[in-house]
Enquirer: 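The structure follows.
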Amino acid sequence: MSFASVLDRLPPSRSPLLRRFAALVEPNDDAQFERLGQEARVLTRQNFGRTMRMFAPLYLSNECINNCRYCGFSRDNPILRVTLTVEQVIAEARHLVTQGFRQILLVAGEHPKFVSGGYLADCIRALSPHFSSIAVELGPMETAEYLPLVEAGAEGLIVYQETYDRAVYAAMHTSGPKRDFNWRLDCPERAYAAGFRRIGIGALFGLAPWRPEALALAAHLEYLVRHCWQADLTVSLPRLRPAAGEFEPPFSLGDRELAQLICAFRICFPRVGIVLSTREPAPLRDALVSLGVTMMSSGSHTEPGGYTGQGRAEVHRTIRGRILPPDESINSIATGQFAISDERSPTEVASALRQRGFEPIWKDWDQSLAAR
């Protein structure tokens with residue numbers, strides 16, 4: 001049975017866990033909100049201690065064949081694009097190593113011409129000696145296509161459904177393979193079958209009303225806890241940020257509601273990791289660390305070559321998917337996927353965590369532990 005059949009029976013068909021989750025995200029007063037936060041803090045401390053896993057995204061390419069109205073990489077956006085060579089990826093990665101990172105997330109737009117399976121496997125193999133944990137965030141693949149990535153050294157896969165509302169999904173994804181809702185929805189299970197030991201899911205808040213979206217995300221997580229029980233699961237709750245295309249989110253998720261949502265996930269899924277990225281402003285990130293967050297990025301760049309300027313000479317402009325002739329006047333790195341909010345360095349974020357009694361964890365896994 002696919003999760004699609006479960007999703008299509010929501011909201012009438014809810015498990016006891018989902019009924020509790022739905023109650024936790026209902027409007028509440030200050031006293032109820034404080035009790036919610038206290039319970040989430042206790043559960044976080046019991047299951048994760050006072051630790052925070054640190055990671056950095058490394059963008060390989062912003063080429064993409066999908067048109068997604070909200071995404072800066074959308075095919076028809078007239079942006080500066082580039083795909084880094086393996087050598088340039090290594091140069092970007094070495095910079096992250098000097099900053100302390102040993103956990104990395106490789107991100108790329110979906111474009112088979114530029115981001116092939118062989119290219120991805122080559123990047124992963126080249127980075128494996130430098131990083132104890134390598135995760136990927138890519139266009140969905142078949143299980144057989146994931147196998148070479150796992151063999152090369154990738155151990156985590158991140159895939160956001162973006163929105164669980166089928167009508168909204170169809171309106172937001174106007175062309176390209178990403179239009180296939182069920183194909184994306186079943187991606188975590190294909191990745192699990194390929195051997196990824198860590199699976200991350202999430203919804204992009206701002207595309208649809210947040211409470212039904214959160215309930216569907218919780219249902220998906222509950223399903224994966226049962227069916228992918230040998231993998232570590234994480235959930236992300238990103239909010240839309242400004243990007244090329246100037247998409248205006250039709251819905252909002254306020255800071256208080258985001259905190260409430262983190263608490264609800266922590267209470268209902270006490271052992272699942274919760275990720276908070278640099279999309280959120282520094283003061284809010286500092287305030288949320290004790291409520292349930294277990295994994296944070298820092299010092300992030302969302303453009304290929306953003307850390308060291310790699311690929312600058314190969315940057316080109318595209319219009320509606322068509323690569324324009326070389327233009328010597330271009331003297332810039334490629335366009336980012338979205339604007340980050342917390343621009344602090346990894347050292348500054350780590351210092352802020354320690355001031356609040358948390359210990360930044362730069363490495364908590366090594367491939368040698370799983371060697372046979």
Side-chain angles (χ1 to χ4, degrees), residues 3 44 47-49 51-60 93 96 101-108 117 120-121 123-125 127-143 145-161 184-203 217-218 220-238 262 265-266 268-277 292-298 300 360-372:
F3 174 67
T44 303
N47 290 282
F48 296 93
T51 62
M52 187 67 64
R53 288 180 61 186
M54 307 295 290
F55 77 99
L58 197 167
Y59 279 70
L60 308 177
L96 294 173
F101 290 106
R102 296 299 180 269
Q103 302 183 73
I104 195 169
L105 173 64
L106 304 182
V107 188
L120 293 168
C123 288
I124 293 166
R125 273 191 294 270
L127 298 180
S128 289
H130 307 288
F131 296 92
S132 59
S133 173
I134 299 176
V136 295
E137 185 177 342
L138 314 161
M141 299 179 179
E142 297 278 6
T143 296
E145 295 175 298
Y146 283 133
L147 289 171
L149 307 187
V150 175
E151 293 169 358
E155 53 88 31
L157 181 131
I158 311 300
V159 57
Y160 301 155
Q161 188 62 23
R184 191 170 189 86
L185 194 66
D186 292 338
C187 181
E189 292 171 87
R190 297 195 300 273
Y192 179 71
F196 284 100
R197 64 170 289 274
R198 180 162 53 86
I199 307 291
I201 63 171
L217 177 58
H220 197 184
L221 189 56
E222 182 186 38
Y223 176 90
L224 294 177
V225 167
R226 294 198 309 268
H227 290 82
C228 303
W229 56 272
Q230 289 182 306
D232 291 332
L233 298 175
T234 62
V235 64
S236 299
L237 313 170
I262 289 172
F265 272 101
R266 173 54 61 234
C268 292
F269 302 95
R271 295 180 178 84
V272 167
I274 298 178
V275 183
L276 191 65
S277 77
V293 177
T294 60
M295 192 171 184
M296 296 176 70
S297 56
S298 61
S300 302
I361 303 298
W362 304 94
K363 174 180 178 179
D364 75 339
W365 160 261
D366 198 293
Q367 289 286 351
S368 63
L369 297 175
R372 296 181 179 179

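Everything quoted here is computed from the prediction, not taken from an experiment.
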Enquirer: Applying side-chain contact (heavy atoms from CB on, under 4.5 Å), can you list everything that pairs with A191, at least two apart in sequence or on another chain?
Expert: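 Checked A191 against side-chain contact (heavy atoms from CB on, under 4.5 Å); matches are Y146, L157, F196, I199.
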Enquirer: If you measure from CZ on R198 to CD on Q103, what distance do you get to the nearest 0.5 Å?
Expert: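 Atom-to-atom, R198:CZ and Q103:CD are 6.5 Å apart.
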Enquirer: So which heavy atom on V136 is nearest to which on A154, and how close?
Expert: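 Shortest heavy-atom separation between V136 and A154 comes out as CG1-CB, 4.4 Å.
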Enquirer: Under the side-chain contact (heavy atoms from CB on, under 4.5 Å) test, which residues partner R125, sequence neighbours left out?
Expert: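 Here the qualifying residues are A121, D122, A152.
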Enquirer: For L147 versus A194, what's the shortest heavy-atom pair and its separation?
Expert: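 Residues L147 and A194, closest heavy atoms: CD2-O, 3.4 Å.
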Enquirer: Between Q161 and L185 (side chain of the first, backbone of the second, donor and acceptor by atom type, cut-off under 3.5 Å), is there such a pair?
Expert: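 Judged by distance alone, yes, a pair lies under 3.5 Å.
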Enquirer: Under the side-chain hydrogen bond (donor to acceptor under 3.5 Å, both in side chains) test, which residues partner S297, sequence neighbours left out?
Expert: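 Here no residue qualifies.
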Enquirer: Using only heavy-atom distances, determine whether the side chains of R102 and S132 contain a donor-acceptor pair under 3.5 Å.
Expert: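 Distance-only check fails for R102 and S132.
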Enquirer: Mind checking side-chain hydrogen bond (donor to acceptor under 3.5 Å, both in side chains) for T234 and listing every partner two or more places apart, or none if nothing turns up?
Expert: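 By the side-chain hydrogen bond (donor to acceptor under 3.5 Å, both in side chains) rule, T234 matches no residue at all.
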Enquirer: Considering residues at least two apart in sequence or located in another chain, which fulfil the side-chain hydrogen bond (donor to acceptor under 3.5 Å, both in side chains) criterion with D232?
Expert: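 With sequence neighbours excluded, D232 shows a side-chain hydrogen bond (donor to acceptor under 3.5 Å, both in side chains) to R197, given in chain and number order.
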Enquirer: If I take atom CD1 from residue I134 and atom CD from residue E155, how far apart are they, to the nearest 0.5 angstrom?
Expert: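 Answer for the CD1-CD pair, I134 versus E155, is 8.5 Å.
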Enquirer: Determine the minimum heavy-atom distance between L138 and A108, stating which atoms define it.
Expert: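 Closest approach of L138 to A108, heavy atoms only: CD2-CB, 3.9 Å.
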Enquirer: Please step through side chain to side chain contact (heavy atoms under 4.5 Å, CB included) for the pair L237 and L217, ending with a clear verdict.
Expert: CA-CA 9 Å; L237 313 170; L217 177 58; 3.6 Å; yes
Enquirer: Working to the nearest 0.5 Å, report the span between CE of M52 and OG1 of T294.
Expert: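 Interatomic distance, M52 CE to T294 OG1, rounded to 0.5 Å: 7.0 Å.
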Enquirer: I'd like to know if the side chain of R266 reaches the main chain of F269, judged simply by a donor and an acceptor atom lying under 3.5 Å from each other, with no hydrogens or angles considered.
Expert: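 Indeed, once roles are kept as given, a pair shorter than 3.5 Å links the two residues.
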Enquirer: Mind listing the closest non-hydrogen atom pair of Y160 and R184 along with its distance?
Expert: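 The answer is O-NE, 2.7 Å.
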Enquirer: Holding to side-chain contact (heavy atoms from CB on, under 4.5 Å), I want the full list of residues that pass it with E145, two or more places apart in sequence or in another chain.
Expert: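 E145 satisfies side-chain contact (heavy atoms from CB on, under 4.5 Å) with M141, E142 once adjacent residues are dropped.
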Enquirer: State the CE-CZ distance between M296 and F55, to the nearest 0.5 angstrom.
Expert: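 The distance works out to 9.5 Å.
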Enquirer: With rounding to the nearest 0.5 Å, note down the distance linking CD1 in I104 to CG in L58.
Expert: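 CG of L58 is found 4.5 Å from CD1 of I104.
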Enquirer: Applying salt bridge (charged side-chain N to carboxylate O under 4.0 Å, His left out), name anything that partners R190, two or more places apart in sequence or on another chain.
Expert: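 Salt bridge (charged side-chain N to carboxylate O under 4.0 Å, His left out) list for R190, sorted by chain: empty.
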Enquirer: Which atom names give the shortest non-hydrogen contact between A56 and L96, and what distance separates them?
Expert: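 The answer is CB-CD2, 3.9 Å.
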Enquirer: Measuring only between side-chain heavy atoms, which start at C-beta, is I158 closer than 4.5 Å to V275?
Expert: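 Counting from C-beta outward, I158 and V275 never come under 4.5 Å.
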Enquirer: Kindly compute the distance separating CG (L60) from CD (E137), expressed to the nearest 0.5 Å.
Expert: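 It comes to 11.0 Å.
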Enquirer: Closest heavy-atom contact between F48 and P270?
Expert: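 Minimum heavy-atom separation between F48 and P270: CE1-O, 3.4 Å.
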Enquirer: L224: which residues meet the side-chain contact (heavy atoms from CB on, under 4.5 Å) condition with it, sequence neighbours left out?
Expert: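 Scan of L224 (side-chain contact (heavy atoms from CB on, under 4.5 Å), adjacent residues dropped) gives P188, E189, I201, H220, C228, L233.
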Enquirer: Just jot down the side-chain hydrogen bond (donor to acceptor under 3.5 Å, both in side chains) partners of E222, sequence neighbours excluded, or say none.
Expert: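 So E222 forms a side-chain hydrogen bond (donor to acceptor under 3.5 Å, both in side chains) with S15.
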